Asker: 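Here you go, one structure.
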Amino acid sequence: LQQLDLSFNMLSIYDIQSLVASLVKNTTLRSINLMSNVLDDRAMQLIGKYLPRIRGLDSLNIEANRFGENGADALLNGLRTNMYLCDLAMPRGFMASEQIDYYLAINTGGRRLLHENSQSPPYPLALWQLVFERVNRLYEKEKETRATVIFHLLQGPVLFGKRT
C-alpha cells in the first residue's frame with residue numbers, strides 16, 4: 001500500500017493519533033489524503049509532533065479541514081526537521097504558509113540527499129552536480145524558488161543544524 005485515501009471520514013483525534021503513530025514505523029506509505037475530515041488544531045499539532053519521525057510519507061492532503069494558525073504553526077515546526085514530505089495540499093493564507101512552502105521546496109530539491117550523505121569532508125563533489133540538475137529540472141519555470149533552494153542547500157551546515 002503506497003496511497004491511502006481517508007478523505008470525508010470524520011476522523012477523530014484518536015484516529016489521527018493512531019495514524020501518525022503507525023506512520024513512524026511505516027516507510028512504504030507515500031501518500032495520505034485527509035481532506036474534509038474536520039481536523040482541528042489539535043489534530044495538526046499531533047501531525048506536526050510526529051512529522052519529524054515520519055520517514056516514508058512524501059505527500060499529504062489536509063485541505064478542507066478546520067484548523068487555524070496554531071495548526072499551521074504546528075505543521076511548520078514538524079517540517080523544520082522532516083526531510084521527506086515534498087507535497088502538502090492545505091489551505092493558503094496562514095502566516096506560516098510561506099515558510100511551509102520553503103521547507104517543501106528544499107525537501108523536493110534534495111535536502112535529505114545532502115543530509116544523509118553528510119560526511120567529513122561534507123559531501124562528495126559529484127553529488128552537487130546531481131542536486132543542481134534536479135533543482136533546475138524541478139523548478140525550471142520558477143527561477144526565484146530555484147535560486148532560494150540552491151542557496152539554502154549550499155548553506156548545508158546551518159540548514160542541517162550542524163555546528164562548525
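Below, all heavy atoms of this structure are taken into account, side chains as well, without hydrogens, waters or symmetry copies. Every value quoted in this text rests on a predicted model; they were computed, and no experiment measured them.
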Asker: side-chain contact (heavy atoms from CB on, under 4.5 Å) with A89: which residues, sequence neighbours excluded?
Answerer: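 Testing A89 for side-chain contact (heavy atoms from CB on, under 4.5 Å), a comparison that skips the adjacent residues, returns N61, E63.
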
Asker: Do side-chain atoms of N37 reach the backbone of L6 as a donor and acceptor pair under 3.5 angstrom?
Answerer: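 Yes.
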
Asker: Once side-chain contact (heavy atoms from CB on, under 4.5 Å) is applied, do any residues pair with S18, and if so which ones, sequence neighbours excluded?
Answerer: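 None.
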
Asker: List the atom of P91, the atom of A64, and the distance in Å for their closest heavy-atom pair.
Answerer: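 In this case the closest contact between P91 and A64 is CG-N, 4.4 Å.
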
Asker: Could you list all the ring-ring contact (aromatic ring centres under 6.0 Å, His included) pairs where at least one residue sits in residues 4-36, not counting sequence neighbours?
Answerer: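 Checked against ring-ring contact (aromatic ring centres under 6.0 Å, His included) - neighbours excluded - no pair reaches residues 4-36.
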
Asker: Provide the closest heavy-atom pair for R146 versus E140 in the form atom of the first, atom of the second, distance.
Answerer: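 So the minimum-distance heavy-atom pair works out to NH1-O, 3.6 Å.
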
Asker: List for me each residue that meets side-chain contact (heavy atoms from CB on, under 4.5 Å) alongside D15, sequence neighbours excluded, and say none if there are none.
Answerer: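 side-chain contact (heavy atoms from CB on, under 4.5 Å) list for D15, sorted by chain: L11, S12.
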
Asker: What is the minimum heavy-atom distance between I16 and A43, and which atoms define it?
Answerer: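 Looking at all heavy atoms of both residues, the closest pair is CG2-O, 3.9 Å.
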
Asker: With side chain to side chain contact (heavy atoms under 4.5 Å, CB included) as the test, would you mind laying out the steps for E133 and Q129 before giving the verdict?
Answerer: CA-CA 6 Å; E133 286 174 3; Q129 180 182 354; 3.0 Å; yes

Asker: Under 3.5 Å, sequence neighbours excluded: what are the donor-acceptor pairs made by side chains of residues 67-74?
Answerer:
unit_1, atom_1, unit_2, atom_2, d
E69, OE1, M95, N, 3.1
E69, OE2, M95, N, 3.3

Asker: Only pairs at least two apart or in different chains count here, so list each ring-ring contact (aromatic ring centres under 6.0 Å, His included) that has a residue in residues 27-46.
Answerer: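 Those involving residues 27-46 do not exist here.
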
Asker: Roughly how far, to the nearest 0.5 Å, is CE of M44 from CG of L51?
Answerer: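 It is 11.0 Å, given to the nearest 0.5 Å.
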
Asker: What about V20 and M10, same hydrophobic cluster or not, with Ile/Leu/Val/Met/Phe/Trp/Tyr joined at side-chain heavy-atom distances under 4.5 Å?
Answerer: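 No.
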
Asker: Determine whether F132 and V149 fall in the same hydrophobic cluster, where Ile, Leu, Val, Met, Phe, Trp and Tyr are linked whenever their side-chain heavy atoms lie under 4.5 Å apart.
Answerer: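 Cluster IDs for F132 and V149 match.
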
Asker: Step by step, work out the side chain to side chain contact (heavy atoms under 4.5 Å, CB included) result for R55 and M83.
Answerer: CA-CA 8 Å; R55 300 223 180 273; M83 297 182 199; over 6 Å; no

Asker: Could you state the interatomic distance from CD (Q2) to OG1 (T28), rounded to the nearest 0.5 Å?
Answerer: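 OG1 of T28 is found 7.0 Å from CD of Q2.
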
Asker: Please enumerate all residues that pass salt bridge (Lys or Arg N to Asp or Glu O under 4.0 Å) together with R137, with sequence neighbours excluded.
Answerer: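 With neighbours one apart ignored, the set is empty.
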
Asker: Check I62 against N65 and note the closest heavy-atom contact, atom names and distance.
Answerer: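 Looking at all heavy atoms of both residues, the shortest contact is O-ND2, 3.0 Å.
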
Asker: Under the criterion side chain to side chain contact (heavy atoms under 4.5 Å, CB included), I'd like the reasoning laid out for M90 against I100: C-alpha separation, chi angles, the key distance, then a yes or no.
Answerer: CA-CA 10 Å; M90 65 178 279; I100 288 170; 4.0 Å; yes

Asker: Does L23 form a side chain to side chain contact (heavy atoms under 4.5 Å, CB included) with I32? I'd like the steps, not just the answer.
Answerer: CA-CA 10 Å; L23 287 174; I32 298 178; 3.5 Å; yes

Asker: L29 and L39: same hydrophobic cluster, using ILVMFWY side-chain contacts below 4.5 Å?
Answerer: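 Yes, same cluster.
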
Asker: Would you say R66 has more than 12 foreign heavy atoms packed within less than 6.0 Å of its CZ?
Answerer: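 For R66, atom CZ is not crowded (no more than 12 foreign heavy atoms under 6.0 Å).
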
Asker: Where is the tightest heavy-atom contact between L57 and R30, given as atom of each residue plus distance?
Answerer: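 Taking every non-hydrogen atom into account, CD1-O, 3.5 Å.
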
Asker: In Å, rounded to the nearest 0.5 Å, how long is the span from CG of N82 to CG of L76?
Answerer: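 So the gap between those two atoms works out to 12.0 Å.
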
Asker: Can you name the side chain to side chain donor-acceptor pair (under 3.5 Å) partners of Y139, sequence neighbours left out?
Answerer: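 So Y139 forms no side chain to side chain donor-acceptor pair (under 3.5 Å) with any residue.
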
Asker: So, using salt bridge (Lys or Arg N to Asp or Glu O under 4.0 Å) as the criterion, who are the partners of R42 when residues are at least two apart?
Answerer: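 With sequence neighbours excluded, R42 shows a salt bridge (Lys or Arg N to Asp or Glu O under 4.0 Å) to D40, given in chain and number order.
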
Asker: Between the side chains of N9 and S7, does any donor sit under 3.5 Å from an acceptor?
Answerer: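 No donor-acceptor contact under 3.5 Å links the two side chains.
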
Asker: Looking at OG1 of T145 and CD1 of I150, how far apart are the two atoms once the value is rounded to the nearest 0.5 Å?
Answerer: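 These two atoms lie 11.0 Å from each other.
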
Asker: Find the distance between OH (Y103) and CG (L75) and round it off to the nearest 0.5 Å.
Answerer: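 So the OH of Y103 and the CG of L75 are separated by 13.5 Å.
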
Asker: Please tell me if the side chains of L19 and I47 come closer than 4.5 Å, counting only heavy atoms from C-beta onward.
Answerer: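 No, their side chains stay 4.5 Å or more apart.
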
Asker: Which residues pass the side chain to side chain donor-acceptor pair (under 3.5 Å) test with Q17, sequence neighbours left out?
Answerer: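 Q17 satisfies side chain to side chain donor-acceptor pair (under 3.5 Å) with Y50 only.
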
Asker: What residues, two or more places apart in sequence or in another chain, satisfy side chain to side chain donor-acceptor pair (under 3.5 Å) together with S22?
Answerer: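 S22 satisfies side chain to side chain donor-acceptor pair (under 3.5 Å) with no other residue.
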
Asker: What residues form a salt bridge (Lys or Arg N to Asp or Glu O under 4.0 Å) with D87, not counting sequence neighbours?
Answerer: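 Listed in chain order: nothing, the list is empty.
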
Asker: Would you mind reporting whether Q99 and L104 have side-chain heavy atoms less than 4.5 Å apart?
Answerer: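 Of all side-chain heavy-atom pairs linking Q99 with L104, none is under 4.5 Å.
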
Asker: Quick check on the hydrophobic clustering: are L60 and V38 connected, directly or via other members, by side-chain heavy-atom contacts under 4.5 Å?
Answerer: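 L60 does not cluster with V38.
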
Asker: Does one hydrophobic cluster hold both L88 and L138, with members joined at side-chain heavy-atom distances below 4.5 Å?
Answerer: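 Yes, same cluster.
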
Asker: Mind listing the closest non-hydrogen atom pair of I54 and Y84 along with its distance?
Answerer: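 Between these two residues, the closest heavy atoms are O-CD1, 4.1 Å.
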
Asker: Working to the nearest 0.5 Å, report the span between CZ of R112 and CG of L85.
Answerer: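 The CG atom of L85 is 11.0 Å from CZ of R112, to the nearest 0.5 Å.
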
